[in-house]
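Take a look at the structure below.
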Amino acid sequence: MPPQRGPRPKGRRPQRRDPQPIPVAAPAVAVAEPTGAVVTIPKSIAVGELARAMDVSVVDVIRSLVNLGTMASINEIIDFETATLVANELGVEVRPEEEAPVLTEEEAPATETVGAKEILWTDVDPAKLKERPPVVTVLGHVDHGKTSLLDAIRSTNVTSREAGGITQHIGAYQIEHNGRKVTFLDTPGHEAFTAMRARGAQVTDVAVLVVAADDGVQPQTIEAISHAKAAGVPIVVALNKIDRPDSNTDQVKAQLAEHGVTIEEYGGDTPLVPVSAKTKQGIEDLVETVLLVADVAELKADPDRPAIGRVIEAHLDKGRGPVATVLVQTGTLERGDLVVAGTTFGKVRAMVDDKLKNVGRAEPSRPVEILGLPEVPEAGDVLRVVPDEKAARALVAQNARERAAGMAAERPATLDEMFAQVKEGRAKELKIVLKADVQGSLEAIKSALAKIPQDEVTLAVIHDAVGDITESDLTLAAASGAVVVGFNTKMEAPARRVADSTKVDVRQYKVIYELLEDVQKALTGMLEPEMVESTLGHAEVLQLFTAGKTTIAGCRVADGVIRRGAQARVLRGGQTVYDGKVGTLRRMKDDVREVTVGLECGIVLENFNDEQVGDVVECYVVQPKPR
Ligand code: GDP
């Protein structure tokens with residue numbers, strides 16, 4: 001069975017996953033006459049799937065969601081309550097599924113072992129495993145020649161094997177070298193690499209690190225090294241642009257060593273191949289070397305089982321409909337197979353490879369474009385062949401539930417969680433992405449961190465660099481279950497968005513001692529949970545009454561709720577004149593626990609009798625930050 005995920009946090013709105021929701025003109029609301037149809041749906045369901053289940057058009061569903069005040073795209077997951085409202089509007093009765101359909105081993109064959117290199121699915125029978133081609137990602141600093149190198153590798157291969165062959169960019173391509181195949185992912189750079197990994201999609205077997213011989217190790221080279229290492233993927237260095245007169249190979253080799261990549265020539269285990277994407281010098285050597293590294297990794301898969309793969313790219317093609325590039329990871333994908341990809345399913349109507357050739361089968365590590373899915377899946381979605389429609393629907397429902405529950409739900413990605421795990425004796429390693437304003441403080445922090453006793457839990461700084469906290473830092477942390485620690489740093493806006501969506505813990509410090517103390521506490525299970533304040537509501541003071549020495553503030557709740565016993569402050573002209581607690585709360589003559597927006601009430605604050613008409617009572621709670 002796939003791993004169980006926790007329930008979706010209450011009250012959280014379904015996450016918008018499509019950045020451009022389909023615009024729909026909002027017509028007048030019309031509640032349809034019930035048609036008598038009763039449809040059973042899961043507790044959370046994708047918009048497209050709901051439309052299909054009710055046998056209505058997706059546009060109708062989206063339109064009624066708009067009427068309900070929710071802009072939702074086709075892949076968005078909505079909860080049962082929302083689905084019911086939509087269904088009622090469309091005249092369909094929905095019932096919750098009694099129990100999640102349980103999939104047999106064959107239908108949902110495997111738990112993915114994220115990060116494992118050879119065995120991707122636990123039910124793989126070792127006796128049936130056969131060698132498969134390596135999947136390679138090209139990483140490196142901007143302008144060092146990643147794209148040129150990918151083009152050079154492809155064109156070298158095309159010209160030698162099928163002169164004049166037309167190739168298209170489908171997100172990945174496969175070449176042949178001395179009768180052996182190698183797959184290259186066509187989206188270079190560690191952002192894409194780690195974004196996929198953050199979704200549990202570790203498809204890369206070998207990372208080619210491109211370093212320009214005339215420019216040496218640069219910030220993104222260092223990032224790429226950290227990303228590849230965090231993923232446990234072996235590196236092959238492609239020392240590019242050796243045709244340039246100003247190339248300085250020795251200097252680059254020394255710089256690489258400084259950043260933890262020791263090449264074979266220096267006694268390490270990382271091969272380095274001098275190349276020129278321009279003159280094509282060394283390209284064959286590079287491919288040869290990648291194959292040698294792949295041999296060491298013993299990459300295997302079972303070609304004789306229903307296929308499981310990953311969507312690496314997908315888009316809506318005007319003429320052809322949803323098109324997905326899929327990398328088969330195990331099994332063989334065949335035309336006509338019924339497949340589930342994320343929250344959509346359909347029959348594979350056609351498959352083409354990167355040379356625009358129609359193919360009937362795709363073996364492990366082979367990238368193909370498939371047609372036949374009714375909706376566009378997401379990059380990183382698992383694609384899985386299923387025996388029949390029942391299994392397909394069950395798997396789609398399960399994927400929808402998992403998506404709604406949040407993919408990162410199980411990752412120990414906050415210091416608080418580490419603390420909890422350390423206390424329970426479960427945690428072994430605390431991973432940190434460390435950023436600091438200047439090299440001096442970065443070094444000081446690193447050496448101080450190294451001195452913290454690591455008896456129970458070890459500390460691993462998986463990436464450290466000078467500079468603000470970037471999107472790349474966040475995706476690396478999200479994919480690796482790491483905490484981001486910044487010293488005198490700011491966080492870039494795109495990084496903040498990733499932090500919000502992935503819930504990665506970002507801790508920023510201005511005092512080194514506090515940074516060290518927090519890390520130490522997390523390592524020893526002593527960390528206090530971070531407290532956060534959340535506002536419950538506001539009430540405006542309209543009138544004052546007195547009862548003996550007590551002042552009762554007659555208020556109207558302007559927003560949210562006012563709760564007895566909760567914390568409260570009195571705001572007057574922008575100043576806080578009181579900070580304490582709601583002592584008594586009355587509605588009419590009755591003592592009540594809570595008064596909601598729009599209602600009038602009498603508030604007595606603890607130890608405070610100086611309210612004035614026009615004051616605002618702000619009610620709030622302070623709680624440990626949710627984990
Ligand atoms: P990317 O940003 O890493 O994908 O780099 P590109 O592939 O776009 O290359 C950046 C620039 O370097 C382009 O102007 C290329 O023509 C040039 N370039 C790439 N490889 C070589 C090479 O081997 N030799 C020389 N002289 N220039 C190269």
Side-chain angles (χ1 to χ4, degrees), residues 135-160 167-173 175 177 182-197 203-204 206-229 231 233 235-253 255-256 259 261 263 270-290 312-313 325 354 367 379 463 465 467 470-473 475-476 494:
V135 179
V136 182
T137 299
V138 175
L139 309 175
H141 193 70
V142 63
D143 278 349
H144 279 197
K146 299 181 292 294
T147 314
S148 309
L149 195 64
L150 278 164
D151 288 345
I153 294 166
R154 191 208 307 244
S155 68
T156 307
N157 193 258
V158 169
T159 42
S160 64
T167 59
Q168 60 163 355
H169 287 265
I170 65 166
Y173 64 82
I175 60 150
H177 177 85
V182 183
T183 303
F184 286 88
L185 295 181
D186 218 355
T187 320
H190 53 266
E191 294 83 3
F193 169 77
T194 302
M196 286 280 275
R197 206 161 69 80
V203 293
T204 302
V206 180
V208 167
L209 179 70
V210 181
V211 190
D214 60 342
D215 197 28
V217 170
Q218 295 296 330
Q220 286 163 32
T221 319
I222 302 168
E223 280 183 17
I225 293 168
S226 301
H227 283 242
K229 284 194 169 175
V233 172
I235 295 173
V236 172
V237 178
L239 187 60
N240 193 30
K241 305 198 188 184
I242 51 159
D243 59 290
R244 292 193 56 130
D246 49 348
S247 64
N248 187 344
T249 52
D250 285 338
Q251 193 187 333
V252 179
K253 290 172 187 172
Q255 287 173 338
L256 283 167
H259 290 95
V261 176
I263 58 166
T270 306
L272 178 143
V273 188
V275 295
S276 165
K278 192 177 173 191
T279 66
K280 312 264 162 68
Q281 189 190 337
I283 300 293
E284 299 267 321
D285 281 352
L286 179 64
V287 175
E288 189 76 48
T289 308
V290 165
I312 53 174
E313 236 180 61
T325 300
D354 56 306
H463 175 63
T470 63
E471 193 177 353
S472 158
D473 297 328
T475 46
L476 176 62

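Every number for a ligand or one of its atoms is a count from 1 in the order of the listing.
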After noting the C-alpha distance and the side-chain angles of Thr475 and His227, does the key distance pass the side-chain contact (heavy atoms from CB on, under 4.5 Å) rule? CA-CA 9 Å; Thr475 46; His227 283 242; 4.2 Å; yes

What verdict does the side-chain contact (heavy atoms from CB on, under 4.5 Å) test give for Ile222 and His259, after you've listed the backbone C-alpha separation in whole Å, the side-chain angles of each residue and the deciding distance to 0.1 Å? CA-CA 7 Å; Ile222 302 168; His259 290 95; 3.4 Å; yes

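Looking at atom 3 (O) of ligand 1, its nearest protein heavy atom turns out to be Lys146 N, 2.8 Å. The protein non-hydrogen atom at the shortest distance from atom 5 (O) of ligand 1 is Gly145 N, 3.1 Å. Among protein heavy atoms, the minimum distance from atom 9 (O) of ligand 1 is reached at Ser148 OG, 3.4 Å. Summary of contacts: the protein heavy atom closest to atom 4 (O) of ligand 1 is Thr147 OG1, 2.5 Å. At the top of the distance list for atom 27 (N) of ligand 1, counting protein heavy atoms only, stands Lys241 CD, 4.0 Å.
Remark: ligand 1 atoms within the under-4.0 Å shell around heavy atoms of His141 are 3 (O). Close approach of ligand 1 to Arg244 (heavy-atom distance below 4.0 Å) involves ligand atoms 26 (N). Near Asp143, meaning under 4.0 Å from one of its heavy atoms, ligand 1 places the atoms 1 (P), 2 (O), 3 (O), 5 (O), 10 (C), 12 (O).
The closest side-chain heavy-atom distance from Thr249 to Leu272 is not below 4.5 Å. Counting only heavy atoms from C-beta outward, the side chains of Ser155 and Lys280 approach each other to under 4.5 Å. The closest side-chain heavy-atom distance from Glu223 to Leu139 is not below 4.5 Å. Residues Asp243 and Gln281 fail the side-chain proximity criterion, which asks for heavy atoms closer than 4.5 Å.
The part of Asn240 lying near ligand 1 is the side chain, judged by heavy-atom distances below 4.0 Å.
There is a protein heavy atom less than 4.0 angstrom from atom 7 (O) of ligand 1. Taking a distance limit of 4.0 Å, we find that atom 13 (C) of ligand 1 is approached by no protein heavy atom.
For Lys278, the NZ atom is loosely surrounded, since the number of other residues' heavy atoms within 6.0 Å does not exceed 12.
One side chain, Asp473 or Thr470, offers a donor N or O that lies under 3.5 Å from an acceptor on the other.
For ligand 1, the polar-atom distance check against Ala277 finds a nitrogen or oxygen pair separated by under 3.5 Å.
Taking each of Ile242, Asp243, Leu149 in turn, the one with a heavy atom nearest to atom 26 (N) of ligand 1 proves to be Asp243.
Looking at Val136, Val290, Val287 one by one, the single match for side chain to side chain contact (heavy atoms under 4.5 Å, CB included) with Ile153 turns out to be Val287.
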